[in-house]
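For reference, the structure discussed in these notes is given below.
Atom set for the values below is all heavy atoms of this structure, side chains included, hydrogens, waters and symmetry mates excluded.
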Amino acid sequence: MRLDFSQFQEIEFPAYPNIIYVLCYIRAEDTEAIPFYVGESSRHIGRLGDYVSAKFSAVTDYKVGEAVKYLQEKNIRVVIRFRKSDARKKEEKYIHQLLNDALPSNLLNNIHFRHDGSDANSERIAIRKFIDRILENPPSPQQA
């Protein structure tokens, strides 16, 4: 018996655990990937599973996961750009600063939950408003 892999996608198994990454969205009519979140991990792509789960008890996982889901609901592609890093926290901070200088209001890293008893639905609404705002005001090509 042969298994038909034609319906499978392929990713190469990670050879290193430490990465820095940038999540970007790509509108159907655009070819430019627009950064909207910067992160780092010692678990390589395993970190992305946290965003897929998007548990409200883990603030960042929820924020990023809900943003990605909303973009996908709007038929906007979300891609991950990543690379190996031997100083991931330092490099994440550097990349965040570079992008923050160019796109100060477009980074999901810059929005924070209210810690006064907010609930998942109110935070989802805030995340969706943020995404709507960045989609309505895309950066110019030289900014991205």
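Ring orientation note: the planes of Phe36 and Tyr25 are tilted relative to one another, at an angle of 30° to 60°. Ring pair Tyr16/His44 is tilted by interplanar angle, where 30° to 60° counts as tilted.
For the side chain to side chain contact (heavy atoms under 4.5 Å, CB included) test, residues two or more places apart in sequence or in another chain that qualify with Asp61 are Arg47, Asp50, Tyr51, Ala58. With sequence neighbours excluded, no residue forms a ring-ring contact (aromatic ring centres under 6.0 Å, His included) with Tyr21.
A salt bridge links Lys69 with Glu66; the closest basic N to acidic carboxylate O contact falls under 4.0 Å.
Distance check, rounded to the nearest 0.5 Å: CZ of Phe8 to CG of Leu3 gives 5.0 Å. Between atom CD1 of residue Ile26 and atom CG of residue Leu71 there is a gap of 11.5 Å, rounded to the nearest 0.5 Å. Residue Asn75 holds its CG atom at 9.5 Å from CD of Glu73, rounded to the nearest 0.5 Å. A distance of 9.0 Å separates CG of Asn100 from OG of Ser105, quoted to the nearest 0.5 Å. The CD atom of Glu12 sits 10.5 Å away from the CD1 atom of Ile45 when rounded to the nearest 0.5 Å. In this structure, Ile131 CD1 and Lys129 NZ are separated by 14.0 Å, a value rounded to the nearest 0.5 Å.
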Before you tell me yes or no, could you show the steps for Leu108 and Leu23 under side-chain contact (heavy atoms from CB on, under 4.5 Å), namely the whole-Å CA-CA distance, both residues' side-chain angles and the distance that decides it to 0.1 Å? CA-CA 10 Å; Leu108 190 59; Leu23 297 180; over 6 Å; no
Set out, in order, the CA-CA distance, both residues' side-chain angles and the distance that settles side-chain contact (heavy atoms from CB on, under 4.5 Å) for Tyr70 and Asp132, then state yes or no. CA-CA 9 Å; Tyr70 188 54; Asp132 287 338; 2.8 Å; yes
Working for side-chain contact (heavy atoms from CB on, under 4.5 Å), residues Asn18 and Ser42: CA-CA 4 Å; Asn18 296 318; Ser42 64; 3.3 Å; yes
Evaluate Tyr37 against Val78 for side-chain contact (heavy atoms from CB on, under 4.5 Å), listing each step before the verdict. CA-CA 11 Å; Tyr37 184 78; Val78 177; over 6 Å; no
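Sparse packing is recorded around CZ of Arg81, with 12 or fewer heavy atoms of other residues, nucleotides or ligands lying under 6.0 Å away. More than 12 heavy atoms of other shown residues, nucleotides or ligands fall within 6.0 angstrom of atom CZ in Arg133.
Distance alone, capped at 3.5 Å, is enough to place a donor-acceptor pair between the Ser41 side chain and the Arg43 backbone. When atom types are taken as modelled, the side chain of Lys63 and the backbone of Ile111 share a donor-acceptor pair closer than 3.5 angstrom.
Hydrophobic clustering, with ILVMFWY side chains joined whenever heavy atoms are under 4.5 angstrom apart, groups Val59 together with Phe56. Follow the hydrophobic side-chain contacts under 4.5 Å out from Phe130 and you never reach Ile125; the two are in separate clusters. Cluster annotation: Ile11 is connected to Ile19 through the hydrophobic network of ILVMFWY side chains, with a link wherever side-chain heavy atoms come within less than 4.5 Å. Side-chain heavy atoms closer than 4.5 Å link hydrophobic residues (I, L, V, M, F, W, Y) into clusters, and following such links, even through other members, never connects Val52 to Ile80.
Considering every non-hydrogen atom in both Pro35 and Val22, the closest pair reads CB-CG1, 3.7 Å. When every heavy atom of Gly39 is checked against every heavy atom of Glu92, the shortest pair comes out as CA-OE2, 3.4 Å. The two residues Cys24 and Ala33 make their nearest non-hydrogen contact at CB-CB, 3.7 Å. The nearest pair of heavy atoms linking Ile95 to Ile20 is CD1-CD1, 3.3 Å. What you find for Ser118 and Ser122 is that their closest heavy atoms are CB-OG, 4.0 Å.
In this structure, the side chains of Leu99 and Asn109 stay at 4.5 Å or more apart for every pair of heavy atoms.
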